[in-house]
Amino acid sequence: MTLPIKTRVQADDFDLQTEIDALASANCDIGAVVTFTGLCRDDNGTLAALELEHYPGMAELEMQRIAGEALVRWPLDGVTLIHRFGKIVPGENIVLVVTASKHRNAAFEAASFLMDFLKSKAPFWKREIRRDGKVGSWVDARDVDQAALQRWR
Amino acid sequence: MTLPIKTRVQADDFDLQTEIDALASANCDIGAVVTFTGLCRDDNGTLAALELEHYPGMAELEMQRIAGEALVRWPLDGVTLIHRFGKIVPGENIVLVVTASKHRNAAFEAASFLMDFLKSKAPFWKREIRRDGKVGSWVDARDVDQAALQRWR
Amino acid sequence: MVKLVYFAWVRERIGKSDEEINLPDSVRTIADLLDHLKQRGEGYAVALEVPEVIHVAINQEHCQHSDLIGDAREIALFPPMTGG
Amino acid sequence: MVKLVYFAWVRERIGKSDEEINLPDSVRTIADLLDHLKQRGEGYAVALEVPEVIHVAINQEHCQHSDLIGDAREIALFPPMTGG
């Protein structure tokens, strides 16, 4: 049996239903699927887009490592992680986590764990591109994201 | 402003990406979307389908009440609840919960809360239809689902 | 007159999905109602044999067995829910 | 020879995305490497001014500043990650 882990780093958008169907069609025994989608948001009305830089190679590896860690901790039937890079405008998808399990709490907890680790461990960096055409600043890491990792020790 | 609650009770299937897009297009300020999908599963290889009975009228009302309770407890930008009825075969969707928030933990917790309450408070009942053509038994409520409600007191 | 509606195996055992009945004045709470219905025939007696597992909604809202029926228009009896 | 790769504002401040350099024998740990790089010019000095915030990966795996470089093929320096 192959491990039910799928990770992708891509410029293109993704489709949730397609990803869930792929998981469920591979395994008729799945009862609960949890997804987390992170979207590009425009808090101040000044954002034209986010430009996402990543570390090719390590991004994929790190996502595999994070997914593998979740499989060790929870009884999961599948994990899918997709992270986009390049230019992403407000309202568009940035990241997707899908967890499948017979047990809904396992699916919820694993998805939450995966997001906390993707935020702080996967080598991606966001920079703002402003509506006035100027390249804005690099998005600062948030202490709250770092603190979130402590929950899972 | 109208409350961002959508609840539907329907025989037809649903599409996750469509539901998320509807939420996100109504509000460009959404950063995190969590979904829970409950699927029909066939544990023993004997299940042809589940037949879902519901209490028309109360099912919709109860889903509205549960969604309203989640909005009081967490800072949510949107809640969508969809529950199917009728005949559903293994691998098909049964229920969908979507929560949107600026804060990913609020979205995760609210989705988990909503599922716990849908399971034990929304007036739906599952009966098995077996592959040999026989009408199987009504699915028993599980103590673990009842116990799950205690978390949210 | 109050409308009674039944679901799942409560409906099957009673043998109908709904009915309208007149309640005597002595039936004041949901617990009284369950006792009263048990007298209406074997199907009712079997359906309501273990009253503790019967869930009840008055006017489409969950209620307790100790709740008063008052001027309820619709009372629903059903087993524990198994949606989701 | 070790390949160094830089990302985000570390890359911008140093002014290049990667380079191959020879490290003197005295550079044994990542902390040594950061000290060594700071001497290479103003861009490096600005980029690595607060070494505590610099994250490092050896051969595409996160590591600590106290870790030995050993026979690393690729060392990456970057700011705290902000994906997701």
Side-chain angles (χ1 to χ4, degrees), chain A residues 13-21 23-45 47 77 89-116 118-119 142 144-145 147-148 151, chain B residues 13-21 23-45 47 77 89-116 118-119 142 144-145 147-148 151:
Chain A
D13 199 6
F14 48 78
D15 180 89
L16 260 78
Q17 191 65 56
T18 305
E19 299 305 330
I20 291 186
D21 290 348
L23 262 181
S25 71
N27 185 350
C28 237
D29 208 26
I30 288 175
V33 176
V34 169
T35 73
F36 177 93
T37 311
L39 296 110
C40 175
R41 73 174 201 251
D42 181 10
D43 284 331
N44 312 315
L47 188 74
D77 297 312
V89 302
E92 277 194 331
N93 295 324
I94 296 174
V95 66
L96 175 66
V97 170
V98 184
T99 56
S101 178
K102 279 178 214 49
H103 309 283
R104 66 182 185 278
N105 274 335
F108 272 118
E109 282 185 22
S112 178
F113 166 89
L114 287 162
M115 266 316 297
D116 284 348
L118 277 179
K119 280 255 170 200
R142 301 185 314 157
V144 64
D145 287 329
R151 283 201 292 154
Chain B
D13 199 7
F14 48 78
D15 180 89
L16 260 78
Q17 192 64 56
T18 305
E19 299 304 329
I20 292 187
D21 290 348
L23 262 182
S25 70
N27 185 350
C28 235
D29 207 27
I30 288 175
V33 176
V34 170
T35 73
F36 176 94
T37 310
L39 297 109
C40 175
R41 72 173 202 250
D42 180 12
D43 284 330
N44 312 315
L47 187 75
D77 297 313
V89 302
E92 276 194 331
N93 295 323
I94 297 175
V95 63
L96 175 66
V97 169
V98 185
T99 55
S101 177
K102 278 177 213 54
H103 309 282
R104 67 181 183 278
N105 274 334
F108 272 119
E109 285 186 18
S112 178
F113 166 89
L114 287 163
M115 267 316 296
D116 284 348
L118 277 179
K119 280 253 171 203
R142 302 185 314 158
V144 64
D145 287 329
R151 283 200 293 154

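Lettering of chains follows the sequences in order, A, B, ..., and the numbering in each one begins at 1. Values reported hereafter were calculated over all heavy atoms of this structure, with side chains retained and with hydrogens, waters and symmetry mates removed. Remember, predicted model here, so these are calculated numbers, not experimental data.
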### Shortest non-hydrogen contact between A/I30 and A/A24, atoms and distance
CD1-CA, 4.3 Å
### Query
For B/I20, is it the side chain, the backbone, both, or neither that has a heavy atom closer than 4.5 Å to a heavy atom of chain A?
side chain
### Message
Could you work out, with ring pair (Phe, Tyr, Trp, His ring centres under 6.0 Å) as the rule, every residue matching A/F14, not counting sequence neighbours?
### Response
none
### Query
Applying the side chain to side chain contact (heavy atoms under 4.5 Å, CB included) test to A/L23, which of A/D77, A/V98, A/T99 qualifies?
A/V98
### Message
Which one wins on heavy-atom pair count under 4.5 Å against chain B: A/L39, A/L16, A/T37, A/T35?
### Response
A/T35
### Query
Could you go step by step and tell me if B/R104 and B/V34 meet the side-chain contact (heavy atoms from CB on, under 4.5 Å) rule?
CA-CA 8 Å; B/R104 67 181 183 278; B/V34 170; over 6 Å; no
### Query
Side chain, backbone, both or neither: which part of B/K102 has an atom under 4.5 Å from a heavy atom of chain A?
both
### Task
Could you have a look at A/V95, A/N93, A/D116, A/D21 and say which one has the most heavy-atom pairs with chain B under 4.5 angstrom?
A/D116
### Task
Write out, in numerical order, the residues from residues 105-112 of chain A with a heavy atom short of 4.5 Å from a heavy atom in chain B.
A/N105, A/F108, A/A111, A/S112
### Task
Look at B/A100, B/A148, B/A32, B/G38 and state which one has the largest set of heavy-atom pairs under 4.5 Å with chain A.
B/A32
## Note on the structure
Output for pair (A/R142 CZ, A/D145 CG), nearest 0.5 Å, gives 4.5 Å
